[in-house]
There are 2 protein chains.
Amino acid sequence: MKNYSKQREDVLNAIKELKNHPTAEEIYSKVKENNSTASKGTVYRNLKNLVIDKKIIKISKIEGPDRYDLVNYPHYHAICASCGKVFDFVYDFDVANIRKSLKKQIGENIDINDFSLQILCDKCKNKLQKN
Amino acid sequence: MKNYSKQREDVLNAIKELKNHPTAEEIYSKVKENNSTASKGTVYRNLKNLVIDKKIIKISKIEGPDRYDLVNYPHYHAICASCGKVFDFVYDFDVANIRKSLKKQIGENIDINDFSLQILCDKCKNKLQKN
DNA sequence: CTTAAAATAGGAATAATTCCTATTTTTATA
DNA sequence: TATAAAAATAGGAATTATTCCTATTTTAAG
């Protein structure tokens, strides 16, 4: 996992071009549009490798397939639990201290890849309040 | 969404019984095992409703289908992106300030429901590095 | 009651993801 | 460099996960 293959670069570049949390399918389409030779299996394999490598994160929405986004600190995600809308935001979390606290509590030297705030956006909050 | 249907209760109970972040398929199996009438469509619909209702969270892993787990306040979750293991932890996030910052950035008075840290646990970190 | 709205069963249809094999590319090292 | 082993890929089939459809039932509202 030291040097990236041409295809892995193609996958990463496609995500950069697409900007808004694309699905694997959308990434595959963009990759083909860019005349990459990458097959579907290759796209999925490299998405997985890029997550492991902390270049991207995988975002689960309440509906539909999972999505991907670049890791771009300090840049976190607030995801609406209802509609799945993803809001990017920046905040100066004390990551080192949180990591230390986690180690104390769960006894592992875990890597923090992302903060995902689970939220309710205004639109959904209003809609749900009617129930 | 005030009162739960029998089937929605069945889905929630299945997750309680299964304990370890089951997939929708595993939940469906357990539900049938418990002689619920719930169909597959009903299970998926209610999983979605339970997430909206903050009774459960949806967990995305690097591989395999999404999983579900109970929400257990008042602590937060650190979720391994690879194996899906959920670590409970407590931390004194300045929720009011984060909320204020979010409002400034995205212009919405969002409710923060949960913090989910996306992590790689020690075990997975070691295993995945071999690839 | 009566009607409208919401939820469900059953399973087909669709979409997402993984897997397989032959081939190519990269890496290590002699 | 040559060469053997390891890793990555193409192409697409196979599998799995998820959504969707229609008729029916249940719940909520007036």
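Fair warning: this is a prediction, and the values are worked out from it, not measured in the lab. In what follows, every chain begins at residue 1, and chains take the letters A, B, ... in the order their sequences are listed.
Two residues, A/E25 and A/T42, neighbour DNA chain C, and the one matched to the more 5' nucleotide by heavy-atom proximity is A/E25. The residue among A/P65 and A/K32 whose nearest nucleotide of DNA chain D lies closer to the 5′ end is A/K32. In terms of position on DNA chain C, the residue among B/K6 and B/G41 whose nearest nucleotide sits closer to the 5' end is B/K6.
Residue B/S5 places at least one side-chain N or O closer than 4.0 Å to OP1 or OP2 of C/dT8. Between A/S39 and the phosphate of D/dA10, there is a side-chain N or O to OP1/OP2 separation shorter than 4.0 Å. In terms of phosphate contacts, A/Q7 brings a side-chain nitrogen or oxygen within less than 4.0 Å of OP1 or OP2 of D/dA10. The side chain of B/N49 contributes no N or O atom lying less than 4.0 Å from OP1 or OP2 of C/dA6.
We find that OH of A/Y44 is positioned 16 Å from P of D/dT9, with the value rounded to whole Å. Atoms OH (A/Y4) and P (D/dA8) sit 12 Å apart, rounded to a whole Å. For the pair B/K48 NZ and C/dA7 C1', the computed distance is 13 Å after rounding to whole Å. Per the geometry, CZ belonging to A/R67 stands 13 Å off C1' belonging to C/dA15, to the nearest Å. Following rounding to the nearest Å, B/I27 (CD1) and D/dT18 (P) show an atom-to-atom distance of 10 Å. Distance, B/L47 CG to D/dT19 P: 10 Å, rounded to whole Å. Rounded to an integer number of Å, the gap from A/K40 NZ to C/dA16 P is 8 Å. Put simply, CG on B/D66 is 9 Å from P on D/dT19, counting in whole angstrom units.
The environment of CG in A/D92 is sparse: at most 12 heavy-atom neighbours from other residues, nucleotides or ligands sit within 6.0 Å.
Judged purely by distance below 3.5 Å, without hydrogens or angles, the side chains of B/N46 and B/Y4 never pair a donor atom with an acceptor atom. Inspection of the B/S101 and B/Q105 side chains reveals an N or O donor paired with an N or O acceptor under 3.5 Å. Using modelled atom types, one finds no donor on one side chain facing an acceptor on the other under 3.5 Å when comparing A/S5 with A/R8.
Among the heavy atoms of the strands lying under 4.0 Å from A/G64 are primed sugar atoms or P, OP1, OP2 only; no base atom is included.
Between B/F89 and B/F87, the ring center distance fails the sub-6.0 Å criterion.
Considering only the side chain of B/A24, D/dT18 comes nearest among C/dA7, D/dT18, D/dT19. Considering only side-chain atoms of B/E63, the nucleotide from D/dT19, C/dA9, C/dT18 that sits closest is C/dT18.
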